[in-house]
K.L.:
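Can you read through this structure? Questions will come right after.
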Protein chains: 2
Amino acid sequence: MTENQSKKPSKSDRTRAQILEAARLLFAERGYDGASIRDVAAHASIDPAMVIRYFRSKDELFARAAVVDLKLPALRVIDRTDIGKTLIRRFLEIWEDPANGTGMAILLRSATSNEFAAEKLRDVFANQVRPLVAAVADPADAGRRAGLISSQLLGLAMCRYLLRLPPVVALSHDEIIQNVGPTLQRYAVGEDVS
Amino acid sequence: MTENQSKKPSKSDRTRAQILEAARLLFAERGYDGASIRDVAAHASIDPAMVIRYFRSKDELFARAAVVDLKLPALRVIDRTDIGKTLIRRFLEIWEDPANGTGMAILLRSATSNEFAAEKLRDVFANQVRPLVAAVADPADAGRRAGLISSQLLGLAMCRYLLRLPPVVALSHDEIIQNVGPTLQRYAVGEDVS
DNA sequence: GCTAAAAGTCAACAAATGTTGACAAATGGA
DNA sequence: TCCATTTGTCAACATTTGTTGACTTTTAGC
């Protein structure tokens, strides 16, 4: 395998990193179809052939670029009445953090027209949001509750970061937390959620 | 203008309609980039050149295909305590109606990577959702409230119809109305929304 | 039935795309 | 210094794409 021996930061693993960085930027801004290998190469000041040499194909490059780890807080240890606010607060942090925010943008930007991205995005919510909800609510309801939470979080991200709907862009963090927090709180542990 | 004189259903305006129907179907399923003119032509059992003849370009074809009218009910005349449920109920109807649902799918599917679609989608919420909210809430807050509502509706549509997140797909209409209704109600007229 | 306009067919274009292979330059250990 | 491996460059490929123009077939009024 060509995995890191964790020894040499040698020479042009840097090239590899530059390509990946450029790819993440462009995939996040333009989506899978909109970002060509030539665009990525130009952005990394490198030859298009190098992109293929380092990553075997565009699909594989995209797979390497579309990495996300929400690092959601364990809801078990937080105040049960603050689940909603904690969730939305953490979510905003993720989107603002260049590393994770870019990953989410990459997935969301391409998920509507790229089955791989769609599957990856479903995975994120199935493996990172749902188990988290299962820890605080009846596991039998966890799927539905996680689905509802996902719909609100994903819609907010769409409106604010991709679609850039002006009134949603204008919201401050505090306003979002105050407004969306209660929604998530109810979806997570509300008794009226069937 | 080549507008209908509302006289002749003559001959191959039908071709035009077939092309448009095929285009709407494919744009809704695969997005702007994913649906080629040749695909559309094949689906309409017609020559690709005909697509260009009838609609001058792919952009123009897309513009003709991406038509949406939410036909939202006037919130003024409905029970003020039922705004949320009415909204979400109407929204579900739209997405199930082949005509309007397809239009929304076209826009949403392409909005993340096509600026025209994004602008059109922003228009839908600015011109159809916002004024409706302004009729029942302080007009000064209408933008923010409409934005929040949009985020939830759009996220639900993403999860249920495009991303097909299993737990969200599994929800019945009644469950959605019961769960999402209160959220929209609070976004529309809730006193704790800043 | 004749003819002009409409509707449809066909082949080809230019551009963009993912990908490849042959070749040159640089690097680093012996 | 020499040589083998790595790193980079260049030109080209095959395919797909939107689009066009020349041409043929069909239609419809006289």
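Throughout, protein chains are lettered first and strands after them, A, B, ... in sequence-line order, and every chain is numbered starting at 1.
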K.L.:
Can you tell me if CD on B:Q18 sees more than 12 non-hydrogen neighbours from other groups inside 6.0 Å?
P.N.:
yes
K.L.:
Does anything in residues 168-194 of chain B pair up under ring-ring contact (aromatic ring centres under 6.0 Å, His included), and if so which pairs, sequence neighbours excluded?
P.N.:
none
K.L.:
Take the protein atom CG of B:L61 and the nucleotide atom P of D:dT17, then report the distance between them rounded to whole Å.
P.N.:
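Interatomic distance, CG of B:L61 to P of D:dT17: 15 Å.
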K.L.:
Return yes when atom CD of A:Q128 has more than 12 non-hydrogen atoms of other residues, nucleotides or ligands closer than 6.0 Å, and no otherwise.
P.N.:
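Counting other residues, nucleotides and ligands, CD of A:Q128 exceeds 12 neighbours.
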K.L.:
Identify whether any heavy atom of A:F55 sits under 4.0 Å from a base atom; if not, whether one sits that close to sugar-phosphate; answer base, sugar-phosphate or nothing.
P.N.:
nothing
K.L.:
Can you check the A:I46 CD1 to C:dA26 C1' distance for me, whole Å?
P.N.:
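In whole Å, C:dA26 C1' lies 13 Å from A:I46 CD1.
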K.L.:
Would B:R122 and B:E115 pass as an ion pair if we require N to O under 4.0 Å?
P.N.:
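The answer is yes: the pair qualifies as a salt bridge.
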K.L.:
Would you mind listing the cluster partners of A:I37? Hydrophobic ones only (ILVMFWY), side-chain contacts under 4.5 Å, chaining allowed.
P.N.:
A:I19, A:L20, A:L26, A:F27, A:Y32, A:V40, A:I46, A:M50, A:V51, A:I52, A:Y54, A:F55, A:L61, A:F62, A:I106, A:F116
K.L.:
Enumerate all atom pairs, one protein N or O and one N or O from nucleotides 18-23 of chain C, separated by less than 3.5 Å.
P.N.:
from   : atom 1 : to    : atom 2 : distance (Å)
C:dG18 : OP1    : A:K58 : NZ     : 2.6
C:dG18 : OP2    : A:I37 : N      : 2.9
C:dG18 : N7     : A:R38 : NH1    : 2.7
C:dG18 : O6     : A:R38 : NH2    : 3.0
C:dT19 : OP2    : A:K58 : N      : 2.8

K.L.:
Can you tell me how far P of D:dT6 sits from CG of A:D13, to the nearest Å?
P.N.:
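So the CG-P distance, A:D13 to D:dT6, works out to 12 Å.
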K.L.:
Going by an N to O cut-off under 4.0 Å, is there a salt bridge joining B:E93 and B:R90?
P.N.:
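Salt bridge between B:E93 and B:R90, a charged N being under 4.0 Å from a carboxylate O: yes.
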K.L.:
For A:M50 and C:dA25, what is the distance between atoms CE and C1' respectively, to the nearest whole Å?
P.N.:
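The answer, rounded to whole Å, is 12 Å.
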